[in-house]
Amino acid sequence: MELENLLNKYFGYKTFKTGQKEVISSLLGGNHTIAMLPTGTGKSLCYQLPGYCLDGQIIIISPLLSLMQDQVEQLMKFGEKRVIALNSFLDAEKRGYVLRNLTKYKYIFVSPEMLSLPIIMKRLQALSVSLFVVDEAHCISQWGFDFRPEYSKLGEYRDQLGNPLTLALTATATKKVREDIIQSLDLQNYTKIESTIDRPNIAFYIEEVPNYYDKQSRLIELVCQLQKPGIIYFSSKKIAEQMASLLADKGISRAMAYHGGLDQEQRILIQQQFIHGQLDVICATSAFGMGVNKENIRFVIHYHMPMQMESYLQEIGRAGRDGEKSIAILLYSPGDEQLPVQLAESELPSEQQIDWLFSYFPKEEKLIDHFLEMNQHLREDGGFSEIQWRIIQDFIKKPLEIYSLEHLKKGLKDFVNDRLKVKKGSIHYLKKWIKSESCRRELILDYFDEEPVKGRNQNCCDVCGIQFEQYHAQAGIQSYPVKDETWKDYLANILLNREMSK
DNA sequence: CGGTAGCAAGCTACCTTGCTACCGGTGCTGTAGT
């Protein structure tokens with residue numbers, strides 16, 4: 001049957017969106033495929049449709065539980081009942097049932113962590129997996145080295161499943177990210193399908209403000225002026241909260257904070273309210289965004305700079321999905337890069353911590369494997385965070401060719417230093433981009449190994465020139481009345497306090 | 001790095017100033033025993 005007919009039959013669409021057909025054809029031709037498609041172009045269809053052509057199960061690796069639930073619901077909506085999200089939301093009874101009846105399902109969603117559990121893997125190995133999908137595959141590169149190490153083991157898991165046909169999906173992939181994906185998944189041959197990452201309707205605007213106070217007042221000013229809805233990204237939960245209540249209390253906008261510290265219920269509620277237009281502004285940390293499909297976001301402001309260009313691009317890419325004019329604003333004040341550096345450093349164990357820990361290590365090789373598990377108190381005593389501890393545990397489990405304690409210690413330190421170097425490098429690159437005096441868009445395209453676009457659009461970036469007023473809310477269109485006087489009073493207060501504190 | 005909470009001293013009678021220590025983002029998970 002023609003692919004278009006299948007599309008119509010199962011999903012009710014007449015035509016494919018850009019890239020979808022290429023990806024599906026590539027897979028049906030038996031090729032491992034890495035697809036870089038812009039957000040909002042229906043990436044999920046790329047594995048949903050092949051389900052109707054391939055025998056056997058489709059396993060989809062998904063980074064977030066909420067994302068899995070969404071996708072399960074989406075498939076159900078299309079009338080597909082053979083769908084399951086195999087995760088910790090299932091209680092013991094249900095999980096038992098699901099595991100005993102896995103063959104009844106066609107689409108199985110799992111987290112990388114789930115795959116690492118032998119019981120789960122054993123059950124999955126009994127299936128005949130026809131397609132292994134890694135959704136949001138840039139997570140391999142972004143998280144696999146430290147934050148979520150199971151992401152770097154997907155190749156192993158894939159091997160245990162008999163190296164099935166594989167699809168990696170992402171919206172953002174530099175050459176480096178692509179290499180990490182290929183290496184981690186251990187793909188020998190593969191087809192690459194890419195489309196440009198450029199989003200011509202999003203203008204770039206970087207503004208340098210002299211200090212903290214000016215940044216705060218400038219942000220308030222911007223939120224007042226700009227056409228909403230919009231997202232403001234922060235690198236601190238507390239500041240996001242503070243700013244959200246400030247904006248809401250002063251009647252500037254209907255704003256809420258969103259971050260990983262909130263419980264699941266609240267997060268879902270806030271996200272839904274924003275999507276349905278009951279909120280104008282989300283003050284968020286990097287926790288917000290994956291799986292948020294809102295068409296009409298008009299601005300994304302960065303109050304703090306992100307840790308890497310890939311994250312930045314993903315975050316601003318949530319604006320203007322409807323193709324309408326949107327703006328990405330980054331507020332920079334001198335020294336801002338210190339916060340991400342600090343975050344990067346605190347994630348990894350320090351040299352001192354490593355030295356301290358190794359002084360407790362047994363000298364005998366065969367004792368080392370379970371040493372850390374047996375001595376959990378060392379984690380607390382040495383002040384290791386959960387992530388630091390896991391990085392160490394993970395490193396120690398790696399087989400070394402020649403064993404010696406010194407060897408292991410040096411290896412670990414080298415690993416940590418390498419990671420830190422990479423992370424600092426990314427932060428440095430972003431700073432360079434902020435400080436640069438060439439076209440913002442051109443530099444980003446260059447970073448992603450793309451040719452610069454010909455024929456610059458009218459509103460490109462602050463360097464090329466931009467008509468800022470075009471992004472202002474127009475009278476009458478504003479979804480929520482802005483009390484002009486209130487914020488001016490507030491601004492005056494901030495400035496007054498500042499004068500007094502001098 | 002740069003902000004801030006918390007405390008103690010300083011100055012004057014209830015508030016200001018100064019120091020220090022600490023914090024800052026992303027998420028998944030079988031499992032123990034009463």
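No hydrogens, no waters, no symmetry mates; every other heavy atom, side chains included, goes into these values.
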>> Does A:Gly335 reach a base, just sugar-phosphate, or nothing at all? Heavy atoms under 4.0 Å.
In response: nothing

>> For a quick check of understanding: with a heavy-atom distance under 4.0 Å over all strands, which category does A:Arg267 fall into, base, sugar-phosphate or nothing?
In response: sugar-phosphate

> What residue among A:Arg267, A:Lys237, A:Gln266 forms side chain to side chain donor-acceptor pair (under 3.5 Å) with A:Tyr258?
Replying inline: A:Arg267

> Any salt bridge (charged side-chain N to carboxylate O under 4.0 Å, His left out) pairs touching residues 295-304 of chain A, not counting sequence neighbours?
Replying inline: A:Arg298-A:Asp322

> Of A:Ile387 and A:Gln242, whose nearest nucleotide on DNA chain B comes first from the 5' end?
Replying inline: A:Gln242

>> Regarding A:Phe234, tell me which of base, sugar-phosphate or nothing describes its non-hydrogen contacts under 4.0 Å with the strands shown.
In response: nothing

> With a 4.0 Å cut-off on heavy atoms, is A:Gln314 in touch with a base, just the backbone sugar-phosphate, or nothing at all?
Replying inline: nothing

> Got a sec, which residues hit side-chain hydrogen bond (donor to acceptor under 3.5 Å, both in side chains) with A:Asp91, two or more places apart in sequence or on another chain?
Replying inline: none

> Contact class for A:His259 (heavy atom, under 4.0 Å): base, sugar-phosphate, or nothing?
Replying inline: sugar-phosphate

> Listed in order of residue number, which residues of residues 413-427 of chain A have a non-hydrogen atom at under 4.0 Å from DNA chain B?
Replying inline: none

> What pairs meet the ring-ring contact (aromatic ring centres under 6.0 Å, His included) rule with one or both residues in residues 87-109 of chain A, with sequence neighbours excluded?
Replying inline: none

>> Please report the distance, rounded to the nearest Å, between NE2 in A:His302 and C1' in B:dG25.
In response: 12 Å

> For B:dG18, does the glycosidic angle fall within 90° of 0 (syn) or outside that (anti)?
Replying inline: anti

>> Nearest 0.5 Å, please: how far is CG in A:Leu246 from OG in A:Ser253?
In response: 10.0 Å

> Does the pair A:Arg254/A:Asp280 count as a salt bridge with the N-to-O cut at 4.0 Å?
Replying inline: yes

>> Under 4.0 Å, heavy atoms only, any strand: does A:Pro306 hit a base, just the sugar-phosphate, or nothing?
In response: nothing

>> If you only use heavy atoms from C-beta on, which nucleotide in B:dG3, B:dA5, B:dC28 is closest to the side chain of A:Tyr212?
In response: B:dG3

All N/O pairs under 3.5 Å across the protein-nucleotides 20-23 of chain B interface:
none

> Within this structure, what is the CD-to-C1' distance between A:Gln69 and B:dG27, rounded to whole angstrom?
Replying inline: 15 Å

Kindly list each side-chain donor-acceptor pair under 3.5 angstrom involving residues 66-77 of chain A, sequence neighbours excluded, with atom names and distances?
| residue | atom | partner | partner atom | Å |
| --- | --- | --- | --- | --- |
| A:Gln69 | OE1 | A:Asn87 | ND2 | 3.4 |
| A:Gln71 | NE2 | A:Asp135 | OD2 | 3.4 |
| A:Gln74 | OE1 | A:Gln48 | NE2 | 3.4 |

> Where along residues 145-152 of chain A does a heavy atom fall under 4.0 Å from DNA chain B?
Replying inline: A:Phe147, A:Arg148

>> Once pairs are restricted to Watson-Crick or G-U wobble with both distances under 3.5 Å, how does DNA chain B read as a dot-bracket string, [ ] for crossings and | for other-strand pairs?
In response: ((((((((((....))))))))))..........

> Between A:Tyr447 and A:Trp433, is the gap from one ring center to the other below 6.0 Å?
Replying inline: no

> Which pairs pass salt bridge (charged side-chain N to carboxylate O under 4.0 Å, His left out) with one or both residues in residues 149-165 of chain A, sequence neighbours excluded?
Replying inline: A:Lys153-A:Asp394

>> Using a 6.0 Å cut-off, check whether atom CD of A:Glu93 has over 12 heavy atoms from anything other than its own residue.
In response: no

>> What is the distance, to the nearest angstrom, from the CD atom on A:Gln376 to the C1' atom on B:dA32?
In response: 13 Å

> Distance between the P atoms of B:dC7 and B:dA13, in whole angstroms?
Replying inline: 25 Å

>> For DNA chain B, which residues of residues 102-116 of chain A approach it to below 4.0 angstrom with any heavy atom?
In response: A:Ser111, A:Glu113, A:Met114

>> Check this for me: A:Gln376, atom CD, are more than 12 non-hydrogen atoms of other residues, nucleotides or ligands nearer than 6.0 Å?
In response: yes

>> So A:Asn87, base contact, sugar-phosphate only, or nothing? Heavy-atom distance under 4.0 Å.
In response: sugar-phosphate

>> Any base atoms under 4.0 Å from A:Leu117, or only sugar-phosphate, or nothing? Heavy atoms, all strands.
In response: sugar-phosphate

> To the side chain of A:Leu339, which of B:dC28, B:dT29, B:dG24 is closest?
Replying inline: B:dG24

>> List the residues meeting side-chain hydrogen bond (donor to acceptor under 3.5 Å, both in side chains) with A:Tyr205, not counting sequence neighbours, and say none if there are none.
In response: none

> Got a sec, which pairs hit ring-ring contact (aromatic ring centres under 6.0 Å, His included) with one end in residues 230-254 of chain A, sequence neighbours left out?
Replying inline: A:Tyr233-A:His302, A:Phe234-A:Tyr303

> Which whole-number value in Å describes the distance from A:Glu347 CD to B:dG25 P?
Replying inline: 12 Å

> Whole-Å distance between B:dG2 C1' and A:Tyr332 OH?
Replying inline: 13 Å

> Which of parallel (below 30°), tilted (30 to 60°) and perpendicular (above 60°) describes A:Phe371 and A:Phe361?
Replying inline: perpendicular

> With the threshold set at 4.0 Å, does a side-chain nitrogen-carboxylate oxygen contact exist between A:Glu347 and A:Lys423?
Replying inline: yes

> Does a donor on one side chain sit under 3.5 Å from an acceptor on the other, for A:His259 and A:Thr285?
Replying inline: no

> Do the side-chain N and O atoms of A:Glu337 and A:His428 include a donor-acceptor pair separated by under 3.5 angstrom?
Replying inline: no

> How is A:Glu337 classified with respect to the nucleic acid when contacts are heavy atoms under 4.0 Å: base, sugar-phosphate, or nothing?
Replying inline: nothing

>> Both A:Met68 and A:Ser235 contact DNA chain B. Which one's nearest nucleotide lies toward the 5' end?
In response: A:Ser235

